[in-house]
Amino acid sequence: QVHLVESGGGLVQAGGSLRLSCAASGRTFSRYTAGWFRPVPGKEREFVADISRSGNSTNYSDPVKGRFTVFRDNAKNTVYLKMNSLKPEDTAAHYCAADAHRMGTTTTLWDYWGQGNQVTVSS
């Protein structure tokens with residue numbers, strides 16, 4: 001099992017930046033892919049970004065591409081989401097996910113989830 005805990009969220013003004021952290025425990029985190037999701041209207045959670053086991057491959061949704069960066073430090077068992085140029089529409093609880101076998105935009109493929117961390121962007 002893998003236990004995931006997100007941190008680093010908060011309240012920022014539009015145009016500001018935040019860095020979310022997802023700390024993993026219980027297993028060797030380098031054996032797991034990782035991703036970030038957030039709720040959107042009419043959908044439980046929508047894909048934001050993901051990253052391969054080594055960190056060499058990343059993917060981003062169109063709304064965050066060019067603004068967000070996902071990276072990981074396997075020595076620290078931690079995945080990060082650096083969010084720049086934040087917009088009010090980025091306001092949401094952000095969830096970290098991990099999986100032993102695959103990665104992608106579909107929420108159901110991810111086996112492990114954190115509790116969520118709130119990001120609020122003011123106008």
Side-chain angles (χ1 to χ4, degrees):
Q1 300 287 340
V2 176
H3 185 225
L4 306 173
V5 178
E6 304 97 332
S7 62
L11 173 64
V12 297
Q13 292 182 320
S17 298
L18 286 172
R19 189 182 75 173
L20 301 182
S21 298
C22 175
S25 62
R27 305 286 285 181
T28 302
F29 193 48
S30 62
R31 301 290 180 262
Y32 295 84
T33 63
W36 291 93
F37 293 78
R38 64 192 185 187
V40 298
K43 191 176 182 180
E44 183 179 358
R45 293 175 188 175
E46 187 169 73
F47 174 82
V48 175
D50 62 14
I51 187 167
S52 62
R53 295 170 180 82
S54 66
N56 290 334
S57 180
T58 59
N59 300 285
Y60 301 91
S61 64
D62 287 339
V64 308
K65 191 173 296 181
R67 299 188 298 122
F68 290 10
T69 302
V70 60
F71 59 100
R72 66 193 297 166
D73 186 343
N74 286 334
K76 294 181 171 63
N77 283 351
T78 302
V79 171
Y80 304 92
L81 184 67
K82 184 67 169 69
M83 303 178 291
N84 294 329
S85 302
L86 283 162
K87 305 175 181 179
E89 47 263 50
D90 294 318
T91 296
H94 285 65
Y95 293 82
C96 178
D99 194 85
H101 302 292
R102 63 189 68 204
M103 56 196 284
T105 62
T106 304
T107 59
T108 53
L109 70 83
W110 297 89
D111 287 334
Y112 305 99
W113 292 87
Q115 298 82 7
N117 194 246
Q118 181 67 33
V119 172
T120 302
V121 185
S122 66
S123 300

* To do: Under the side-chain contact (heavy atoms from CB on, under 4.5 Å) rule, what do Phe68 and Val48 come out as? Steps first, then yes or no, please.
  => CA-CA 9 Å; Phe68 290 10; Val48 175; 3.9 Å; yes
* To do: Would you name the heavy atoms of Glu6 and Trp36 that are closest together and state the gap between them?
  => CG-CZ3, 4.0 Å
* Which distance, rounded to the nearest 0.5 Å, do you find between the CD of Gln115 and the OG of Ser7? -> 11.0 Å
* Asked: So how far is it from Ile51 CD1 to Arg53 CZ, rounded to the nearest 0.5 Å?
  -> 12.0 Å
* To do: Could you tell me whether Lys65 and Asp62 make a salt bridge, using a distance below 4.0 angstrom between a side-chain N and a carboxylate O?
  => yes
* Between Arg72 and Tyr80, is NZ or CZ placed under 6.0 angstrom from the six-membered ring centre and within 45° of the ring axis? -> no
* So how far is it from Leu81 CG to Cys96 SG, rounded to the nearest 0.5 Å? -> 9.5 Å
* Check whether Val64 and Met103 end up in the same hydrophobic cluster, where Ile, Leu, Val, Met, Phe, Trp and Tyr are linked by side-chain heavy atoms less than 4.5 Å apart. => no
* **Between Asn74 and Lys76, a side-chain donor and acceptor under 3.5 Å** => no
* **Geometric cation-pi criterion Arg45 and Trp113, 6.0 Å radius, 45° cone** => yes
* Asked: Measuring from Phe37:CZ to Thr106:OG1, what's the distance to the nearest 0.5 Å?
  -> 7.5 Å
* Structure fact -> To the nearest 0.5 Å, atom CG of Asp99 lies from atom CG of Asp111 at 4.5 Å
